Amino acid sequence: MALIGWILSFVFLFAGLALRQDMPVGGSGALSALLLAMAALACPMVWRDSPLGISRGQRIAAALILIFSAPVILLPA
């Protein structure tokens with residue numbers, strides 16, 4: 001399970017950094033911030049000792065909220 005967390009953390013981190021570098025579409029800054037937050041939520045090293053009393057289920061729920069809020073950010077204003 002930790003291996004999956006590391007893989008997802010690196011994928012989200014590199015995707016967020018690449019999107020922040022290019023900024024191709026409107027709302028990409030917010031999407032980049034969401035991807036970097038997902039990288040923090042997926043990193044097993046940060047959450048190994050369960051700091052702040054945040055459980056795995058709460059992290060998964062926060063990650064799903066971030067994923068499902070991405071289309072709302074990309075809607076034209």
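Keep in mind that this is a model prediction, so the values were computed, not measured.
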**OP:** Any chance you could measure Phe14, atom CZ, to Leu19, atom CG, to the nearest 0.5 Å?
**Re:** 15.0 Å
Would you mind writing out the side-chain donor-acceptor pairs for residues 36-44 within the sub-3.5 Å range, not counting sequence neighbours?
none

Subject >> Ser32 to Arg20 - nearest heavy-atom pair and separation >> reply: OG-NE, 3.1 Å
Original post:
Listed by chain and number, what are the side chain to side chain contact (heavy atoms under 4.5 Å, CB included) partners of Ile65, not counting sequence neighbours?
Top reply: none
